[in-house]
Amino acid sequence: MKLIYQYMMAFLVVVVTCLSVISVAIYRYSENMAYQQTWEQLEGYSDNLQKMALKSNPQTGQMNNITFGTFNDLQQVLADQKVTFMMFDNQGQESYPVPQRSNNHKPLLEKKLWRSLKAGNVIRERNSGEDQQFHLFKKHPMTYIIKPWFDDNNNLVAVLYVGSEVSTIRTNMNTMRRNLLLAFFVSTVIAIIMSWFLANWQVRRIERLQQATRQVANGNFAVQIHQEGNDELDDLAADFNEMTQSLQASQVEIERQEQRRKEFMANASHEMRTPLTTINGLLEGLAYDAIPEKSRQHSIELMRNETKRLIRLVNDNLDYEKIRTNQISLYQRNFNAYKPLTDVVTQLQQKAQDAGDQLSLKAPEELPIYADYDRFIQIIVNITQNAIQFTNQGQITITGERNAQQTATIIAIKDNGIGMTAEQVQNIWERYYKADPSRKSTKYGESGLGLAIVHQLMEQHHDQITVESKLHEGTTFTLTFFDEAVLTKKTTNRQS
Ligand SMILES: Nc1ncnc2c1ncn2[C@@H]1O[C@H](COP(=O)(O)OP(=O)(O)OP(=O)(O)O)[C@@H](O)[C@H]1O
Ligand SMILES: [Mg+2]
């Protein structure tokens, strides 16, 4: 069954049940009230008649007696309400309207009833008309009271029956039933209309969710559902929106990764093709004796260089991948950075001189640092090699010092070489990025992996690296190696 009909059914069942219960309750209550009122009214007639009958004449001191005429007159006055009277004497013999002449003193009223009356109880009854006890009931169902009269000395004087035809109550109740039925019908129609609107509104909200879900299934993660309230469906919509947002974020990340993968494949193939093509060309030259004898040695040297370059490329790639995927374990320890820094300067001095650069170190002889020894050298060598590579006839200075708070050692590698634009600076940490892709390979490599490895290593160390550069003015790389205590605190904070 469609949801809208289920909703409507649910609403209708609730509304119709409520209406039925209320209608029946009102009807019952009104009916009881009507009988109650009639009984009270009839009892009122009886009381007044009793007062009239038992009032003694002040002059004679005799009690007034109610005559047949009184009853006839009263019945005529109350003809509209179809009131009838019946009187019994203190022996239970009918004295009005048909006086019983027999003297057998057998009460006309049932024994049980008579006992109850003698005890002073007032009988309130309604009968269906089949009760044949009183000849007055023969035709119509009646509502009646039977009330005993007592004199001042509490002696039973007489018993009065006052009855009214039920038909008057019935007429009123029928009108009431008709009105209630009409109200019930009108309310049900209104309830159907209202439930349709309500159900339709709810179903539309669900349909909106359904459409949005379909869009997500078709790959549109930008879809958002409008929500205004805070019921369960709005909560669902909010969760849905959150879901699509994270799906969208993952999608962007997946696309970014895919883009990087494609770039990596293109770059890696490109980087490998150049040395392979060179080696292949030279090998073919050698095979077909196309290379003159005097150039052979040089060709072999070239092939060796290109092979080394290939090996380095593969190694660097593997290294980068290992660092990136946390496959290498760093052995971070405290040592004096002065020694490895001097070693690097000595090691790279020749290269610097070849490029006409002056390479110098400014650092105290005691420079405590907390890092992985070998990886620290790798980082410094990579950056210094770059500085030499991109500086011609310039100055390259490596400075090492403790920071002002004495919480870290800062190493800065500064050159006054070609420098970079802001956009180039932004990309240097990317794998295979070269600010100037047209640069031909040099003996130092240039595959665009050096800084990517440095960046990964610094991240693994939980240390910082920043770069400042100006085109044609120079570049400074600043490395902050935090002390062991600072890093331990950082990791515990992160874990908690
Ligand atoms: N000191 C510097 N001055 C100017 N540009 C620099 C400097 N250091 C790095 N760069 C730029 O950043 C790019 C990336 O450097 P990176 O060390 O990652 O690669 P590479 O030196 O080209 O190759 P590799 O280091 O893998 O042999 C360089 O190609 C260069 O354009
Ligand atoms: Mg480099």
Side-chain angles (χ1 to χ4, degrees), residues 260 263-264 266-275 278 305-324 344-345 347-348 350-352 354-361 375-399 411-460 464-479:
R260 284 184 62 173
E263 275 171 19
F264 169 75
N267 287 329
S269 326
H270 177 77
E271 291 298 326
M272 287 183 174
R273 201 171 46 212
T274 321
T278 315
N305 278 343
E306 289 303 286
T307 318
K308 273 188 203 159
R309 195 161 112 78
L310 269 176
I311 293 169
R312 187 176 160 267
L313 189 72
V314 173
N315 282 341
D316 279 357
N317 253 315
L318 288 175
D319 203 22
Y320 175 87
E321 214 45 50
K322 275 189 187 155
I323 303 166
R324 194 179 70 85
V344 170
V345 171
Q347 188 194 325
L348 296 176
Q350 190 54 50
K351 281 180 186 172
D354 291 351
D357 296 329
Q358 282 186 2
L359 174 64
S360 57
L361 170 70
R375 296 297 183 177
F376 171 73
I377 294 179
Q378 189 183 359
I379 292 166
I380 304 296
V381 167
N382 264 338
I383 298 173
T384 316
Q385 263 184 354
N386 278 351
I388 297 169
Q389 226 176 309
F390 302 110
T391 311
N392 235 332
Q393 313 289 332
Q395 291 276 344
I396 298 152
T397 322
I398 304 178
T399 39
I411 314 272
I413 299 153
K414 186 180 163 130
D415 67 61
N416 57 356
I418 61 169
M420 289 175 275
T421 63
E423 197 208 328
Q424 288 169 343
V425 168
Q426 265 188 356
N427 294 308
I428 51 169
W429 312 121
E430 293 284 329
R431 204 159 23 156
Y432 294 115
Y433 178 78
K434 289 179 237 169
D436 177 6
S438 66
R439 272 187 299 126
K440 293 279 175 305
S441 73
T442 72
K443 53 187 162 182
Y444 306 123
E446 288 195 3
S447 51
L449 283 165
L451 286 181
I453 292 172
V454 165
H455 192 247
Q456 287 294 334
L457 279 174
M458 287 305 278
E459 264 189 11
Q460 296 288 311
Q464 277 173 5
I465 180 165
T466 55
V467 56
E468 267 176 52
S469 189
K470 261 197 179 154
L471 201 60
H472 309 308
E473 283 186 20
T475 309
T476 306
F477 282 89
T478 311
L479 308 154

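Indexing begins at 1, ligand by ligand and atom by atom, following the structure's order. Numbering of residues begins at 1 and proceeds along the displayed sequence.
- The part of D415 lying near ligand 1 is the side chain, judged by heavy-atom distances below 4.0 Å.
- Looking at R312 against ligand 1, only its side chain comes within 4.0 Å, counting heavy atoms.
- Ligand 1 places these atoms under 4.0 Å from at least one heavy atom of M420: 4 (C), 5 (N), 6 (C), 10 (N), 11 (C).
- A salt bridge links E321 with R431: at least one charged nitrogen is closer than 4.0 Å to a carboxylate oxygen.
- Other residues, nucleotides and ligands contribute at most 12 non-hydrogen atoms within 6.0 Å of the CD atom of E468.
- Which parts of ligand 1 touch I428 is read off a 4.0 Å heavy-atom cut-off, strictly below it: atoms 11 (C), 12 (O).
- Residue Y433 approaches ligand 1 through these ligand atoms, each under 4.0 Å from one of its heavy atoms: 13 (C), 14 (C), 29 (O).
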Would you give me the side-chain donor-acceptor pairs under 3.5 Å for residues 422-430, sequence neighbours excluded?
| from | atom 1 | to | atom 2 | distance (Å) |
| --- | --- | --- | --- | --- |
| Q424 | OE1 | T421 | N | 2.9 |
| N427 | ND2 | E423 | O | 3.0 |

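- In terms of modelled atom types and a separation under 3.5 Å, the side chain of N416 and the main chain of G474 share no donor-acceptor contact.
- When G448, G419, G450 are checked for heavy-atom proximity to atom 23 (O) of ligand 1, G448 turns out nearest.
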Inset, instruction - May I have the step-by-step check of side chain to side chain contact (heavy atoms under 4.5 Å, CB included) for D415 and N386, ending in yes or no? - result: CA-CA 10 Å; D415 67 61; N386 278 351; over 6 Å; no
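- Taking only nitrogen or oxygen atoms, main chain and side chain alike, L451 reaches within less than 3.5 Å of ligand 1.
- No side-chain donor-acceptor contact under 3.5 Å links D319 to the backbone of N315.
- Between the D357 side chain and the G394 main chain, a donor and an acceptor come within less than 3.5 Å of each other.
- For a distance bound of 2.8 Å, the N, O or S atoms of Q389 include none lying that close to the Mg ion (ligand 2).
- Considering backbone and side-chain N/O atoms, L449 comes within less than 3.5 Å of an N/O atom of ligand 1.
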